[in-house]
Every structure is written in structure tokens, then in C-alpha cells.
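In what follows, a single structure is set out as C-alpha cells and then discussed.
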Amino acid sequence: MTRFLIRRLLNMIPLILGITFISFLAMSLVPGDFVSNLKLNPTITPEVIHQLEAQFGLDQPLMVRYFKWLWGVMHLNFGFSLQYRVSVTGLIASRAFNTIILAASSMLLSWAIAIPIGIIVAVNQNSIWDRFLSFLAFFGMSVPSFFLAFLMMYLALKTGWFPIGGTYSPDYATLSPLNQVADRINHLILPVFVLGISGTAGLMRLMRSQILEIKNSEFVRTARAKGLSERVVIYKHVLRNAMNPFVTMAGYSLGDLLGGAALVEAVMNLQGLGLLMLDAVRSLDIYLVMGSVLMGTILLLVGNLLADIALVAVDPRVDFSSVTAE
């Protein structure tokens with residue numbers, strides 16, 4: 001176990017360096033930068049432009065700027081946001097909580113809906129339930145999440161049941177702690193529903209195909225031959241093996257925290273990491289983009305590591321030696 005963790009952690013270092021350098025290079029090759037956009041403002045003198053370029057190191061060679069940024073990252077300093085004029089570390093930390101709660105809640109909702117429905121349609125293959133729910137799954141997969149977000153906001157506008165966008169109410173600071181929690185939950189209901197439903201269709205189809213593939217395997221026929229009930233066979237033997245892809249997908253979902261919710265955050269005006277990164281790319285805020293890329297890379301690598309560990313716990317046929325060999 002210890003040897004496996006050390007090897008995986010060491011393998012993360014060249015991956016992080018490669019991804020961040022390519023991202024830094026891509027941002028540097030884009031014509032113009034945040035400061036050059038200020039040159040279009042006639043009230044800003046060339047002297048001020050030169051001062052800003054020197055302050056943020058934009059007048060230095062690419063490799064010098066990259067290694068200075070990397071040295072700062074090693075000291076937990078992700079740089080300074082040119083657009084927001086605050087530390088990138090503090091800015092990402094202030095938005096991370098909203099996106100993590102949104103993504104985690106939507107993933108749990110997707111699993112809670114997709115797994116039972118996937119079991120039902122697989123057990124009742126070719127029945128009316130299978131065809132009806134499969135049709136709904138294909139329909140759900142064809143509806144973009146941002147379009148569903150618009151529909152939910154229209155519903156909130158017409159009914160008044162839910163807030164129309166936003167992360168919290170304008171009077172949030174004046175509320176009691178309990179009411180603040182309730183206000184956050186109330187603003188999360190529609191975004192969680194949109195992201196959860198968007199991911200449910202694919203997960204349901206995956207669960208259905210996994211169960212159909214496994215329930216006719218040799219060890220399942222052996223379990224039936226021993227006299228076990230169909231319920232025990234499905235829930236104790238088939239379902240446990242069918243969960244392997246879901247464990248792997250849970251690890252990858254950590255890396256989707258920045259991008260998966262970006263469109264929904266933009267449509268519903270949620271103050272999260274996805275919307276923050278979109279704004280950073282549009283404004284060419286290079287250090288904020290790099291901080292977001294680094295955060296997404298670390299989340300993806302850590303998520304894969306946790307998924308491999310969880311896979312060993314779920315499936316006794318997998319051990320750390322085989323995982324390491326991959």
C-alpha cells in the first residue's frame with residue numbers, strides 16, 4: 001500500500017509540470033494579454049502600462065515567468081489576479097466551496113436515481129419499463145444542461161417557488177446561521193437538479209449494460225445453481241461487480257469540478273470555479289487561469305488515485321500490484 005502510494009505520488013510530478021507548462025505556453029502564445037487590453041483606454045498612460053508589465057513580470061521571457069510562477073506555487077502562492085486585483089489562492093478558495101458542494105450534490109443525486117433505475121430496466125429487459133425508461137434516458141442525454149437550466153429558471157420565474165439564479169440572497173449576511181444554511185440549500189436545488197438529471201441518463205444506461213453483461217456470467221449461474229434467490233444474486237453478486245465503472249467515474253468527476261458545472265454556473269449566475277475560469281480566460285488573466293488549471297489537474301490526479309484505492313476495496317479481484325502495473 002505504502003509503495004503504491006509513493007509511486008503514484010511521484011508519477012504525478014512530471015504530469016503536473018507538463019500540463020502546467022503547456023497551459024502556460026498556450027496562454028502566452030495568445031495575442032495580447034490583460035495589460036495590453038488596457039492600452040485601448042486613452043486615460044491610461046504608457047508609463048502606467050510599463051509599470052504594470054514590470055509589476056506582474058509580463059515583460060520577462062516565458063521560461064523566467066513560468067519558473068517564477070512555479071516557485072511561488074511551491075510556497076502555496078498561485079500569483080496575483082490581474083482582473084480581480086487579489087491573490088489567486090484566496091480567490092479560488094472563496095469559490096471552491098460553492099462548486100464542490102454543487103458537483104458533489106449533483107453526483108449523489110445522479111447516482112441515487114441512475115442506479116435503482118438501471119437495475120430495474122436490466123432485470124426487466126425488453127419489458128415496457130425497459131423501453132419507457134430507456135426512451136427517457138436517451139431523451140435526457142439529448143437535452144443540453146444549459147438549456148435545461150434556462151427551463152428551470154423560467155419555471156422559477158413563473159412559479160416563484162425557487163430563487164432565480166444566484167448563490168445566496170442579498171440579505172444573506174443578516175440571516176442567522178441556520179437560515180443561512182437554508183438559504184444556500186434553497187439556491188442549490190435547481191442547479192443540483194439540472195446537473196444531476198443531465199448525468200443520470202448516461203449512468204443509467206451504463207448500469208443497465210453492466211448488469212446485463214454480468215448477470216449471465218459463470219459465477220452468477222453458479223450462485224443460482226446453489227439455490228440463491230434472484231434478489232440475492234442481483235444485489236449481492238451482480239451489483240457489486242457492476243459498480244466498478246462507477247467507482248472509476250467518481251474519481252474522474254473530481255477533475256470535472258471546474259468544467260462540468262461551468263455552463264450551469266454561467267446561466268444561473270453561481271459564484272463557482274467554473275464561472276471564475278471562464279471569466280479568467282476571456283480576460284486573459286494568465287495567473288488566474290494557471291491557478292484554475294493547476295487545481296483541476298490536482299483534483300483529477302487525486303481523484304484517480306482515490307478511485308484506484310476504492311476499486312480495490314469494492315472488487316477483491318483487484319490488488320495494488322495490478323493497479324500499479326497499469
Side-chain angles (χ1 to χ4, degrees), residues 12-41 44 49 51-100 102-103 145-146 167 252-304:
M12 290 181 184
I13 296 176
L15 286 174
I16 293 175
L17 292 176
I19 292 173
T20 55
F21 177 74
I22 293 175
S23 301
F24 200 94
L25 177 63
M27 287 296 299
S28 300
L29 292 177
V30 174
D33 52 44
F34 182 83
V35 175
S36 65
N37 292 335
L38 299 178
K39 297 178 182 179
L40 302 177
N41 190 340
I44 300 178
I49 297 295
Q51 290 177 1
L52 290 174
E53 289 177 343
Q55 178 183 354
F56 298 119
L58 299 178
D59 57 345
Q60 297 175 346
L62 170 66
M63 295 304 299
V64 174
R65 287 187 286 129
Y66 173 71
F67 282 111
K68 281 189 174 181
W69 174 81
L70 195 62
W71 178 258
V73 169
M74 294 173 61
H75 295 81
L76 300 181
N77 179 14
F78 290 3
F80 194 81
S81 172
L82 307 178
Q83 179 183 6
Y84 293 92
R85 304 299 175 89
V86 295
S87 168
V88 172
T89 306
L91 186 58
I92 290 179
S94 66
R95 300 288 189 94
F97 176 78
N98 297 331
T99 299
I100 290 174
L102 174 61
S145 59
F146 69 88
T167 307
Y252 279 106
S253 65
L254 286 177
D256 293 335
L257 292 180
L258 293 179
L263 290 176
V264 175
E265 289 177 356
V267 172
M268 294 188 162
N269 191 29
L270 303 176
Q271 301 305 307
L273 290 176
L275 184 57
L276 180 67
M277 188 170 184
L278 287 177
D279 290 339
V281 172
R282 285 198 297 260
S283 61
L284 299 178
D285 194 345
I286 183 170
Y287 296 114
L288 182 54
V289 172
M290 290 303 303
S292 302
V293 169
L294 179 62
M295 181 66 66
T297 302
I298 292 175
L299 287 173
L300 179 60
L301 295 177
V302 172
N304 287 333

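In this chain, numbering begins with 1 at the start of the sequence shown. Since the structure is predicted, the reported quantities are computational estimates derived from the model, not experimental observations.
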Relative to the ring of Phe24, is the ring of Tyr287 parallel (under 30°), tilted (30 to 60°) or perpendicular (over 60°)? tilted

Value for CZ (Phe21) from CE (Met63), rounded to nearest 0.5 Å, stands at 4.5 Å

Residues Thr20 and Met290: closest non-hydrogen pair is O-CE, 3.1 Å

Problem - Pair Trp69-Leu294, side-chain contact (heavy atoms from CB on, under 4.5 Å): steps then yes or no - result: CA-CA 12 Å; Trp69 174 81; Leu294 179 62; 4.3 Å; yes

When every non-hydrogen atom of Ser23 is compared with those of Val293, the smallest separation belongs to OG-CG1, 3.5 Å

Between Thr89 and Phe78 (side chain of the first, backbone of the second, donor and acceptor by atom type, cut-off under 3.5 Å), is there such a pair? yes

All heavy atoms of Val88 vs all of Ser81, minimum pair found to be CG2-N, 3.6 Å

Rounded to the nearest 0.5 angstrom, the CD1-CE distance for Ile298 and Met12 is 9.5 Å

